[in-house]
Amino acid sequence: MASTRTNLTTLFVVALTAVSGVIGLMSWTVRSASIYRDIARYADTEADLATSLILDAGEGVQAVVIGPDTAAESLSITPRLGAMLNAFPNYLVVTDRNGTPLFQSAAVRRLSGSDSTLLADQLVNLPVNGPAGLLGLDSLDERVLLVARAVSRSPTPLGKVIVGVPTNDATTLPREYWYAFFFLIPLIGFAGWGAWQMLGVNAERIARITHDVAAISDGRSLHRRLSIENAGLEFEQLVATLNAMIERLETSFLGLRRFTADASHELKTPLAVLRADVERAMSEPSQNERLVALEEALHETTRMADLVESLLTLARADEGRFDIHREPIELKPLVEDVYETALILGEAAGVAVNLPFTADVTVMGDRTRLRQLFLNLITNAIKYTPAGGKVDIGLGLHPENVTFAVRDTGIGIAAADVPYIFERFWRADRVRSRMSERGGFGLGLAISQWIAQAHGGTLTASSRLGRGSLFTVTLPLPAQAPKT
Ligand code: ADP
């Protein structure tokens, strides 16, 4: 496969040659037309001159008695007029009224038999004072432009004066064209060479970018960036776009690595606990102690199952493989149901849970996922609110959307941490959180945010450390919900 450089250079040279050819042809056509005009004018002038010479020379034509016993007379040109007409360089014929030639210039007399016949036809047929005619003379390989004049005012009965001028000048390629042609060939060659060099510079830049991108995209050099200087706007834009893409790749690679590391780490701890519990159960002589160890092992297994379930949810969400089954959902009963659960959880934690307001509202959504979203927020609120605190739940209907809000009077989140709470595996205090009974995996809010977004909505948080937090889910009204 030919390179782009070769293709473009070939195209350029061919186009340049074609354009030069077309320009040459046009100039040649214009030049020919102008020469034809000049020749026609020249022929007219010669014909007029010959006519006026004949008319001025009163005695120019004389009658000749052909035989002694006949009255028939023939016409002929006087030697003096003949000498003057002989001075005409081109084809000149003077005829009588019948078209019989009375005078033929030297050029006409030199014509071969067939060309003479052709000319004789023209003598009869060529209209007087009419448009010029073209006669091709085979023996001389030239075309002659003919014009005819009537010698009308002549005292003697003459017919026509016909003048023919060769048109070789208009039909042969002049020397200048050959010079231009030989000058153009190296010029086009030089232009082609220039194009080849310029494209070579660009090809080199593209090859360098390709090489650099290949070196960066091996996965270990994503921190590197491409650089190009003084290479023109297009190359700089290309490099900037590629750099932006590499940056995004680097971010997602880092995220992926962190995610894998976090997930392995989260699984490692319960697995170690599980192993210790099983070992303890196996070596423990007392039945009671063995049951305690097994119960703890069961607890860790449930925790691990939860973690794997959450990871699976997020992985499928990332792939876009998670089907959200949309159907009209009445939110009020759903929120009241979640509230019932919250009351039980709150009671166990010594936190008062209230549902001060709800609204009759229907949204298009997935009941299971919405329930999971609301419960995540409520359990977090109860989990991060010390005993004696308060959690308020509210469902509001607005002109543009529906909101579900959970406000607590809990420990709150530091302002600097708020931007990270939706990141996977993020927890305000990792160590304490894992060890304490609050221990979550830091995946709940990431899943909650995905559920809200999958419904065409948002999940936002505002919080003050030590004062409490407010999490708000905004869902579109059915008419605005995106179709799936
Ligand atoms: P976890 O399972 O750890 O609760 P989440 O993704 O649900 O994971 O929450 C991430 C982190 O956000 C929590 O570890 C906690 O630090 C913080 N957080 C979430 N909800 C609240 C809240 N209502 N009050 C204070 N902190 C919260």
Side-chain angles (χ1 to χ4, degrees), residues 255 258-259 261-270 299-300 302-315 317-318 338-339 341-343 345-346 348-355 369-394 403-454 458-473:
R258 206 175 51 223
F259 183 74
D262 285 346
S264 325
H265 191 76
E266 292 299 335
L267 279 168
K268 212 172 118 194
T269 315
H299 175 72
E300 284 308 317
T302 316
R303 245 178 86 78
M304 270 196 316
D306 285 351
L307 173 61
V308 171
E309 175 67 34
S310 298
L311 286 177
L312 208 63
T313 305
L314 284 171
D318 284 348
V338 172
Y339 171 61
T341 315
L343 280 178
L345 293 173
V351 174
V353 181
N354 307 302
L355 179 61
R369 292 287 160 200
L370 286 177
R371 192 170 195 284
Q372 184 183 5
L373 164 62
F374 297 162
L375 260 180
N376 269 354
L377 299 180
I378 292 170
T379 43
N380 270 355
I382 296 172
K383 207 158 56 167
Y384 297 106
T385 303
K390 192 171 83 154
V391 171
D392 289 335
I393 305 167
T403 52
F404 171 82
V406 181
R407 181 192 296 277
D408 65 61
T409 57
I411 58 173
I413 306 162
D417 289 342
V418 173
Y420 304 106
I421 56 174
F422 297 108
E423 280 185 12
R424 292 163 192 197
F425 292 111
W426 189 90
R427 283 166 299 202
D429 183 344
R430 289 186 146 226
V431 180
R432 205 192 59 205
S433 170
R434 194 182 300 134
M435 292 307 171
S436 73
E437 58 184 17
R438 285 185 189 141
F441 297 110
L443 294 176
L445 284 180
I447 293 175
S448 302
Q449 191 181 45
W450 163 69
I451 295 173
Q453 286 171 353
T458 55
L459 170 59
T460 52
S462 61
S463 186
R464 284 180 66 187
L465 198 59
R467 302 286 288 275
S469 315
L470 168 67
F471 284 82
T472 311
V473 180

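Hydrogens, waters and symmetry mates are skipped; everything else that's a heavy atom, side chains included, is used. One-based numbering, in listed order, for ligands and for the atoms of each. It should be emphasised that the depicted structure is a prediction, and the values quoted were computed from it without experimental measurement.
Listed for the Ser463 side chain is a donor-acceptor partner under 3.5 Å among the backbone atoms of Gly468.
Considering backbone and side-chain N/O of Leu445, one or more are found under 3.5 Å from N/O of ligand 1. Taking only nitrogen or oxygen atoms, main chain and side chain alike, Asp408 reaches within less than 3.5 Å of ligand 1. Note: no N/O pair closer than 3.5 Å links Ala446 and ligand 1 by distance alone. The N/O atoms of Gly442, backbone and side chain alike, include one that comes under 3.5 Å of an N/O atom in ligand 1. At least one N or O atom of Phe441, backbone or side chain, sits closer than 3.5 Å to an N or O atom of ligand 1.
A heavy-atom separation below 4.0 Å is not found between Phe422 and ligand 1. By the 4.0 Å heavy-atom criterion, Gly410 is excluded from the residues contacting ligand 1.
Under the 4.5 Å side-chain criterion, counting only non-hydrogen atoms from C-beta, Arg407 is not in contact with Val391.
The CE atom of Met304 sits 10.5 Å away from atom CG of Asp306, with the distance rounded to the nearest 0.5 Å. Interatomic distance, Ile413 CD1 to Asn380 CG, rounded to the nearest 0.5 Å: 8.5 Å. Summarising the geometry, atom CZ belonging to Phe259 is positioned 12.0 Å from atom CD belonging to Glu423; distances are rounded to the nearest 0.5 Å.
Checked for salt-bridge contact, Arg424 and Asp318 meet the test: a charged N lies under 4.0 Å from a carboxylate O.
The distance between the ring centers of Phe441 and Phe425 does not fall below 6.0 angstrom.
Of all the atoms in ligand 1, the ones that sit under 4.0 Å from a non-hydrogen atom of Ser469 are 22 (C), 24 (N), 25 (C). Near Lys383, with a cut-off below 4.0 Å to any heavy atom, the atoms of ligand 1 are 1 (P), 2 (O), 4 (O). The atoms of ligand 1 that sit less than 4.0 Å from any heavy atom of Ala428 are 14 (O), 16 (O).
Heavy atoms of Ile413 found under 4.0 angstrom from ligand 1 belong exclusively to the side chain. In Leu443, the part holding a heavy atom less than 4.0 Å from any atom of ligand 1 is the backbone.
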Would Arg427 and Asp417 count as a salt bridge (Lys or Arg N to Asp or Glu O under 4.0 Å) if you check the C-alpha gap in whole Å, the side-chain angles of each, and the deciding distance to 0.1 Å?
CA-CA 9 Å; Arg427 283 166 299 202; Asp417 289 342; over 6 Å; no

